[in-house]
2 protein chains.
Amino acid sequence: MVFNKELLRGTLELIVLHLISIGDTYGYALTGRVSELSEGRIDLKEGTLYPILYRLENEGMVESFWATQERGVPRKYYRITEKGRGRLGELREEWSAFVECVAKILMCERQGDSTDGCANP
Amino acid sequence: MVFNKELLRGTLELIVLHLISIGDTYGYALTGRVSELSEGRIDLKEGTLYPILYRLENEGMVESFWATQERGVPRKYYRITEKGRGRLGELREEWSAFVECVAKILMCERQGDSTDGCANP
DNA sequence: CCATATACTTAGTGTTGCTAGGTATATGAT
DNA sequence: ATCATATACCTAGCAACACTAAGTATATGG
């Protein structure tokens, strides 16, 4: 059901930064949003998410501000910075290049002779 | 140039098992093959690969045998087992499901209202 | 004779996701 | 009134695994 947690490494930062980029949001909402969007297959734990948010903030990729509400516990909202948008673009590119790269390797169905590109003509 | 190493987590086992599945091979050859196929973007280190091979063997996914040669150092070859082929299929499926899942999340361009599937119609 | 390529091995390090606890406020049920 | 649950944030310590950096050994070319 849930994906092997090792797969998440390196992609959670991308996912979190993307979700913040489409609109200011806060930690607790992100855990639910990721669960929804992944149909329960990515169970982003609080103990995982909060350290990611602090890392992103320390690196200047996001800014945070507290928002008290009419009722309920105050929320700590995060907003992406310009620097963060730059990083998001890089992470997106790296991710899609990586996915293509793995796909190419998995397509390969014969031992390499160092001259083929493994296109399996 | 080279991919963030965190991205490799969880996929190296799949890649290694796949490459063994298309023909018996040995550790040192695998490092070169991965470098070729990825055009240098995945630099599979020996200190990473050998532990993966031992893990796969301990779990019964591959078998190993030493092959002495006319000249040169003996090589330890690995062959995939039936169990290993089963695991390979599972890893492939999990990987492609994960890639689709991340793609879906990254496609999402508005805050969720819990009813949309983030298809952005 | 020595550098380099081939080929395997392994002890220790670092990153990062998870576990499992904690604090605090609000609401609905018993 | 009390207790469970949902919301909301925080953090110390654990575990998995890719990497570093070292080692052993054989063969070859300068």
Side-chain angles (χ1 to χ4, degrees), chain A residues 1-17 24-36 38 41-59 62 64-78 91 98 102 114, chain B residues 2-17 20 24-36 38 41-59 62 64-78 91 98 102 114:
Chain A
M1 182 61 185
V2 166
F3 293 118
N4 175 353
K5 65 181 178 177
E6 297 299 331
L7 287 178
L8 303 179
R9 291 214 173 213
T11 62
L12 287 185
E13 189 178 317
L14 166 60
I15 288 170
V16 167
L17 203 49
D24 297 357
T25 188
Y26 57 98
Y28 194 78
L30 279 169
T31 62
R33 193 82 185 103
V34 168
S35 179
E36 258 176 53
S38 69
R41 301 202 64 179
I42 297 177
D43 184 19
L44 180 55
K45 306 294 171 53
E46 298 184 7
T48 300
L49 175 61
Y50 290 113
I52 290 176
L53 291 172
Y54 305 149
R55 232 153 56 211
L56 288 173
E57 189 170 20
N58 274 330
E59 295 167 357
V62 299
S64 69
F65 53 95
W66 285 93
T68 56
Q69 305 166 90
E70 303 279 324
R71 56 185 65 184
V73 189
R75 298 168 174 167
K76 193 173 180 183
Y77 276 82
Y78 290 88
L91 289 176
F98 180 65
V102 173
S114 85
Chain B
V2 166
F3 293 118
N4 175 354
K5 65 182 177 175
E6 297 300 331
L7 286 178
L8 303 179
R9 291 213 174 212
T11 62
L12 287 185
E13 189 178 316
L14 166 60
I15 289 170
V16 167
L17 203 49
I20 294 173
D24 298 357
T25 187
Y26 58 98
Y28 195 77
L30 279 169
T31 63
R33 193 83 185 101
V34 168
S35 179
E36 258 175 54
S38 69
R41 300 201 64 180
I42 298 177
D43 185 19
L44 179 55
K45 305 296 171 52
E46 298 184 5
T48 301
L49 174 62
Y50 289 111
I52 290 176
L53 292 172
Y54 306 149
R55 230 152 59 211
L56 288 173
E57 188 170 20
N58 273 331
E59 294 168 356
V62 299
S64 69
F65 53 95
W66 284 93
T68 56
Q69 305 167 91
E70 303 278 323
R71 55 185 66 184
V73 188
R75 296 167 176 169
K76 194 174 180 183
Y77 277 82
Y78 290 88
L91 289 176
F98 181 65
V102 173
S114 83

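Every heavy atom of this structure was used, including side-chain atoms; hydrogens, water molecules and symmetry mates were not. Throughout, protein chains are lettered first and strands after them, A, B, ... in sequence-line order, and every chain is numbered starting at 1.
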Legend entry - Candidate nucleotides dC8(C), dT19(C), dA8(D), ranked by approach to the side chain of Lys45(A) - the nearest: dT19(C)

Legend entry - For Glu13(A) against Ile52(A), the heavy-atom pair lying closest together: CA-CG2, 4.4 Å

Inset, instruction - Work out which heavy atom in Glu6(B) is nearest to a heavy atom in Asn4(B); give both atom names and the distance. - result: N-OD1, 2.9 Å

Inset, instruction - Round to a whole Å and report the spacing from CD1 of Ile42(B) to C1' of dA18(D). - result: 13 Å

Inset, instruction - Quick one: list whatever passes side chain to side chain contact (heavy atoms under 4.5 Å, CB included) with Ser64(B), sequence neighbours left out. - result: Glu57(B), Lys76(B), Tyr78(B)

Legend entry - Separation of atom CD in Glu46(A) from atom P in dG22(C), rounded to whole Å: 15 Å

Legend entry - Atom-pair distance (CD1 on Ile52(A); C1' on dT16(C)), nearest Å: 8 Å

Legend entry - Spacing of Asn58(B) atom CG relative to dT10(C) atom P, expressed in whole Å: 12 Å

Inset, instruction - Select one nucleotide: of dT6(C), dT25(C), dC9(D), the one nearest the side-chain heavy atoms of Val73(A). - result: dT25(C)

Legend entry - Sugar-phosphate, base or nothing in reach of Phe3(B), heavy atoms under 4.0 Å: nothing

Legend entry - Tyr50(B) vs dT10(C): side-chain N/O to OP1/OP2 distance below 4.0 Å: no

Legend entry - Full working for side chain to side chain contact (heavy atoms under 4.5 Å, CB included) between Tyr28(A) and Tyr50(A): CA-CA 9 Å; Tyr28(A) 194 78; Tyr50(A) 290 113; 4.3 Å; yes

Inset, instruction - Would you mind telling me which of dA8(D), dA5(C), dG17(C) lies closest to the side-chain atoms of Leu8(A)? - result: dG17(C)

Legend entry - Of Asp43(B) and Trp66(A), the one whose closest DNA chain D nucleotide lies more 5': Trp66(A)

Legend entry - Tyr54(B) side-chain proximity, nearest of dA8(D), dT9(C), dA18(D): dT9(C)

Legend entry - Heavy-atom pair with the smallest gap, counting every atom of Ala29(A) and Thr25(A): CB-OG1, 3.6 Å

Legend entry - Shortest side-chain distance from Lys76(B), nucleotide among dC10(D), dC9(D), dC8(C): dC8(C)

Inset, instruction - Report the nucleotide, chosen from dA6(D), dC8(C), dC10(D), that has the shortest atom-to-atom distance to any side-chain atom of Arg75(B). - result: dC8(C)

Legend entry - Whole-Å gap separating P (dT24(D)) and OH (Tyr28(B)): 18 Å

Inset, instruction - Indicate, with a heavy-atom threshold strictly under 4.0 Å, whether Leu44(B) touches base, sugar-phosphate, or nothing. - result: nothing

Inset, instruction - Summarise how protein sits on nucleotides 12-17 of chain D as a single string, 5' to 3': B when a protein heavy atom is under 4.0 Å from the base, S for sugar-phosphate-only contact, - for no contact. - result: ----BB

Legend entry - For the student: nearest non-hydrogen atoms of Leu53(B) and Gly27(B), plus distance: CD1-CA, 4.0 Å

Legend entry - Gln69(B) CD to dA7(C) P, straight-line distance once rounded to whole Å: 6 Å

Inset, instruction - Could you tell me the separation between the OH atom of Tyr26(B) and the P atom of dT26(D), rounded to a whole number of Å? - result: 18 Å

Inset, instruction - Using ring-ring contact (aromatic ring centres under 6.0 Å, His included) as the criterion, list what pairs up with Phe3(B), not counting sequence neighbours. - result: Phe98(A)

Inset, instruction - Let me see the working for Leu44(A) and Ile15(A) under side chain to side chain contact (heavy atoms under 4.5 Å, CB included), right down to the final yes or no. - result: CA-CA 11 Å; Leu44(A) 180 55; Ile15(A) 288 170; over 6 Å; no

Inset, instruction - Rounded to the nearest angstrom, tell me the gap between atom CZ in Phe98(A) and atom P in dA18(D). - result: 10 Å

